Amino acid sequence: MSANESTEAQAESADESESQKPADYAVSEFDDGLVDVLAWVLDTETRARIYVFLRQHPYSTSDEVATGTGLYPSTVREALAELTDDETVERRKRKSSGAGNNPYEYVAIAPSELVRGITSQVQSQLNAVFNLDRHLGADGSEEVEPVTITVREE
């Protein structure tokens, strides 16, 4: 086999393996990108992964979240407590027909609520940057609030 034939065979093999990737590969890539953005919004990748899982599986217990995300149960419980305190996740006791321990189940707030919650913080930070020269005394102009962020659900 010539070098060109070998290169063509390798390219065809690579094309076949690309087409044989699982159907959810694109979804996985999307989820990873989304987790990166949410990690910025929610402070950590752990909290972001839990948020995404709860959007996909609302009313899950901490054990279900740990199993579904592959995170340690203690890490999940700590992050869920923080997310609940931040009002990013809501919790309630799971109803059960029998006696015994009813665990908490968690549901993440809607993404629009999450965005609405951070807009004022982002707006304030952007305005601080915009007015940096005035804060440093390099510009005699008055402070202005040039950045306004509005979130609308359509």
Side-chain angles (χ1 to χ4, degrees), residues 11 13-136 139 141-154:
S13 175
D15 289 344
E16 286 175 13
S17 67
E18 281 293 315
S19 66
Q20 292 174 357
K21 285 186 178 180
D24 64 347
Y25 178 74
V27 172
S28 172
E29 289 295 310
F30 171 77
D31 286 349
D32 288 344
L34 182 60
V35 166
D36 289 343
V37 171
L38 285 169
W40 175 75
V41 170
L42 296 172
D43 296 328
T44 68
E45 183 178 326
T46 297
R47 292 170 61 149
R49 290 196 176 283
I50 291 170
Y51 178 84
V52 169
F53 181 84
L54 287 173
R55 291 302 301 164
Q56 294 170 328
H57 308 281
Y59 304 105
S60 295
T61 65
S62 63
D63 288 339
E64 292 165 345
V65 172
T67 300
T69 60
L71 297 168
Y72 289 110
S74 59
T75 301
V76 169
R77 285 190 299 274
E78 181 180 328
L80 284 170
E82 293 168 356
L83 289 165
T84 301
D85 288 346
D86 294 346
E87 298 180 353
T88 303
V89 166
E90 298 169 358
R91 77 176 187 174
R92 69 179 188 192
K93 281 285 195 177
R94 179 170 278 179
K95 295 178 183 167
S96 131
S97 59
N101 187 12
N102 298 347
Y104 284 110
E105 54 187 17
Y106 299 86
V107 63
I109 63 172
S112 58
E113 291 179 54
L114 183 63
V115 169
R116 200 174 286 118
I118 64 164
T119 55
S120 63
Q121 177 185 0
V122 171
Q123 180 175 308
S124 174
Q125 291 173 347
L126 290 172
N127 284 322
V129 170
F130 189 81
N131 287 297
L132 181 62
D133 283 343
R134 192 189 76 69
H135 290 294
L136 295 174
D139 184 9
S141 66
E142 290 184 28
E143 185 170 342
V144 293
E145 296 293 322
V147 178
T148 303
I149 301 171
T150 305
V151 178
R152 291 188 323 246
E153 273 190 81
E154 293 182 11

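Computed from a predicted structure; not experimentally measured.
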Next on the checklist: Per the ring pair (Phe, Tyr, Trp, His ring centres under 6.0 Å) rule, what does the pair list look like for residues 56-79, sequence neighbours excluded?
Outcome noted: Phe53-His57

Does [X] have any side chain to side chain contact (heavy atoms under 4.5 Å, CB included) partners at least two apart in sequence or in another chain, and if so, which?
X: Ile118; answer: Val41
X: Glu78; answer: Glu82
X: Pro58; answer: Val107
X: Asp86; answer: Arg47, Thr88

Nearest heavy atoms of [X] and [Y], plus distance in Å:
X: Ala108; Y: Arg55; value: O-NH1, 3.0 Å
X: Ala48; Y: Ala39; value: CB-N, 3.5 Å
X: Pro73; Y: Ala66; value: CA-CB, 3.9 Å

Checklist entry - Got Val35 and Tyr51 here, is their nearest side-chain heavy-atom distance under 4.5 Å? => result no

Next on the checklist: Within the structure provided, determine whether Lys95 and Asn102 are in side-chain contact (heavy-atom separation under 4.5 Å).
Outcome noted: no

Next on the checklist: side chain to side chain contact (heavy atoms under 4.5 Å, CB included), that's the test. Do Val65 and Leu71 meet it? Break it down for me.
Outcome noted: CA-CA 8 Å; Val65 172; Leu71 297 168; 5.9 Å; no

Checklist entry - Step by step, would you call Glu64 with Thr61 a side chain to side chain contact (heavy atoms under 4.5 Å, CB included)? => result CA-CA 5 Å; Glu64 292 165 345; Thr61 65; 3.2 Å; yes

Checklist entry - Leu54 and side chain to side chain contact (heavy atoms under 4.5 Å, CB included): which partner among Ile109, Thr69, Val89? => result Val89

Checklist entry - Within a radius of less than 6.0 Å around CD of Gln125, do more than 12 heavy atoms belonging to other residues, nucleotides or ligands occur? => result yes

Item to check | Pair Leu114-Leu42, side chain to side chain contact (heavy atoms under 4.5 Å, CB included): steps then yes or no | outcome: CA-CA 9 Å; Leu114 183 63; Leu42 296 172; 3.6 Å; yes

Checklist entry - Under 3.5 Å, is there a donor-acceptor pair between the side chain of Lys93 and the main chain of Tyr104? => result no

Checklist entry - When you check the gap from the basic side-chain N to the acidic O, do Glu105 and Arg92 get nearer than 4.0 Å? => result yes

Item to check | Nearest-0.5 Å distance that lies between atom OG in Ser62 and atom CD1 in Ile50 | outcome: 9.5 Å

Item to check | side chain to side chain donor-acceptor pair (under 3.5 Å) partners for Glu90, two or more places apart | outcome: none

